[in-house]
Amino acid sequence: MNASNGPAIHEALATAAREHLIRRLPKAELHVHLEGTLEPEMLVAKAFHHGVQLPWAGIEALRAAYRFENLQSFLDLYYAGCGVLRTAQDFHDLTWAYLQRARADGVVHVEAFFDPQAHTARGVPLETVMTGILDALNDGHAELGITYRLIPNFLRHLSEEDAEATLDALAPWYTAIHGFGLDSSEVGHPPSKFLHVFARVRALGFPVVAHAGEEGPPAYVAEALDVLGAVRIDHGIRAIEDPALVGRLARAQIPLTVCPLSNVRLCAVPDLARHPLRALFDSGCLVTINSDDPAYFGGYIAENYRAVAEALGFSDAEIKRLAANSIRASWLHDTVKARHLAAIDAV
Ligand code: ADE
Ligand code: ZN
């Protein structure tokens, strides 16, 4: 080694050590759409298997289409991708592949979203969707040690009546479901559009989460809390525009499930260095790091941690706090949380 490459070697060692830390830390992933984990290889293979015609010539052409201007341009492709998921085996393969990938990133617990209406609207029975996903999640628990909660989301571009019909259709699986959420096109579809269905969700005893403040204004975050009774906000990054709201989120320790690479890919933020995650964290908000739709946004959970640490200068101690936040913000039992928190401390 000569004197000039000493700093480069030091930097490479520090990067490797950080990568090791991120993967070793027990983490909960609280914001991942199972349909958003559909990798191009599986998408193309399933299309071939089912004889589905795709508008892309192959995997490379498909990857090249993953250039999004906003949430809607992504959702158009995401729903098109859902079209290859037809059998319980498809939903099992999708979920199982995600779980294996998550395990490699040190995920010990997942609270996974799925979009029932994206499938029932195409004529795929709920039974098919639920059987495939639940079998894989149970296999993941048994074989990979990953605990789980399952959260159906209502699509906000559809009507409240459609959401209510979906809530009714899910009744046979209420014991296998742990909460309900709200996703899809945000702007123009405020949380209050779903006032009645979420009142029913709460009356059934389920906790509510909602995508809010991803593209929509801070007022949608406040509405999700006040009108829907959300206990956790998915994204929530535009809360940063309203200091009083940030104060409220911090005081009440309402978890925010932030998805940094998603926000960059969907142009919700100009770049990672200007992501509000750092300001929200420094304001005392309970922020967590998640992958959202990792197959489309270029990174699973560890990659999100790594990118954030680099762009926003998170120290090792702060990375550990982010992992601890994910456990605290989860719906795990307190005894299990205590075990994971102790393991994070010990890393
Ligand atoms: N559905 C899948 N990913 C989503 C996102 N990032 N925002 C809203 N709806 C979604
Ligand atoms: Zn999401």
Side-chain angles (χ1 to χ4, degrees), residues 28-39 43 66-83 85 91 94-95 98 102 110-122 129 133 149-158 162-163 166 179-191 193-194 208-217 220-221 223-224 228 230 232-239 255-269 275-277 287-301 304 326 329:
E29 173 135 70
L30 307 178
H31 185 158
V32 60
H33 302 260
L34 291 173
E35 297 90 338
T37 69
L38 180 59
E39 289 288 343
L43 195 161
Y66 292 2
R67 264 189 223 117
F68 310 112
E69 288 137 41
N70 50 31
L71 174 58
Q72 192 58 51
S73 61
F74 156 68
L75 289 172
D76 292 343
L77 204 139
Y78 166 90
Y79 293 123
C82 287
L85 301 169
F91 287 93
L94 174 79
T95 307
Y98 162 71
V110 59
E111 302 194 350
F113 294 137
F114 71 110
D115 289 329
Q117 291 153 294
H119 312 300
T120 51
R122 301 181 287 114
V129 180
I133 291 177
R149 304 288 184 267
L150 184 59
I151 306 173
N153 278 327
F154 300 125
L155 299 182
R156 67 203 307 157
H157 67 274
L158 300 180
D162 210 303
T166 304
F180 282 82
L182 183 65
D183 70 354
S184 194
S185 322
E186 186 181 7
V187 174
H189 302 284
K193 177 177 163 186
F194 296 92
V208 172
V209 297
H211 281 56
E214 179 185 15
E215 279 190 345
Y220 283 19
V221 176
E223 248 186 45
L228 303 188
R232 199 161 71 197
I233 298 292
D234 298 311
H235 294 292
I237 56 172
R238 284 197 60 194
L256 302 178
T257 65
V258 179
C259 307
L261 292 177
S262 162
N263 298 145
V264 173
R265 287 297 191 99
L266 301 188
C267 307
V269 298
H275 196 290
L277 180 84
V287 290
T288 65
I289 292 191
N290 308 273
S291 69
D292 206 4
D293 302 283
Y296 292 92
F297 301 148
Y300 284 75
I301 193 168
N304 275 270
S326 75

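Position 1 is the first residue of the sequence; numbering continues from there. Atoms within each ligand, like the ligands themselves, are counted from 1 in listed order.
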Note, R238 side chain near E186 side chain (heavy atom, < 4.5 Å): no
F113 and ligand 1 - part of the residue with a heavy-atom distance under 4.0 Å: neither
Is the closest heavy atom of D234 to ligand 1 under 4.0 Å? no
Could you pull out the closest heavy-atom pair between I233 and A212, with the gap in Å? CG2-O, 3.7 Å
Applying side chain to side chain contact (heavy atoms under 4.5 Å, CB included) to P116 and not counting sequence neighbours gives F114, L126, P152, T166, L170
Is there side-chain contact between T37 and P294, with at least one heavy-atom pair below 4.5 Å? yes
At a 4.0 Å cut-off, with the gap strictly under it, does some heavy atom of G36 reach an atom of ligand 1? no
Does the separation of the ring centres of F194 and F154 fall below 6.0 angstrom? no
Which bit of H235 is near ligand 1, meaning a heavy atom under 4.0 Å away: side chain, backbone, both or neither? side chain
Of all the atoms in ligand 1, which lie at a distance below 4.0 Å from a heavy atom belonging to E214? 5 (C), 6 (N), 7 (N), 8 (C)
Quick check, are the ring centers of H157 and Y79 under 6.0 angstrom apart? yes
Centroid-centroid distance, H235 to Y220, less than 6.0 Å: no
Backbone N/O of F74 and side chain of R265: donor-acceptor pair under 3.5 Å: no
Just heavy atoms, cut-off under 4.0 Å: does N153 contact ligand 1 by side chain, backbone, both, or neither? neither
Is there a donor-acceptor pair under 3.5 Å between the side chain of E35 and the backbone N or O of C82? no
Is it true that a side-chain atom of S291 and a backbone atom of Y300 form a donor plus acceptor pair closer than 3.5 Å? no
List-wise, which protein N, O or S atoms are found short of 2.8 Å from the Zn ion (ligand 2)? H31 NE2, H33 NE2, H211 NE2, D292 OD1
Tell me the nearest of S184, A268, S262 to atom 9 (N) of ligand 1, using heavy-atom distances. S184
Within a distance under 4.0 Å of any heavy atom of D293, pick out the atoms of ligand 1 and give their elements. 2 (C), 3 (N), 4 (C), 6 (N)
Is the contact between E35 and ligand 1 made by the side chain, the backbone, both, or neither, using heavy atoms and a 4.0 Å cut-off? neither
Protein heavy atom at shortest distance from atom 6 (N) of ligand 1: D292 OD2, 2.7 Å
Do we see a donor-acceptor contact under 3.5 Å between the side chains of E215 and N70? no
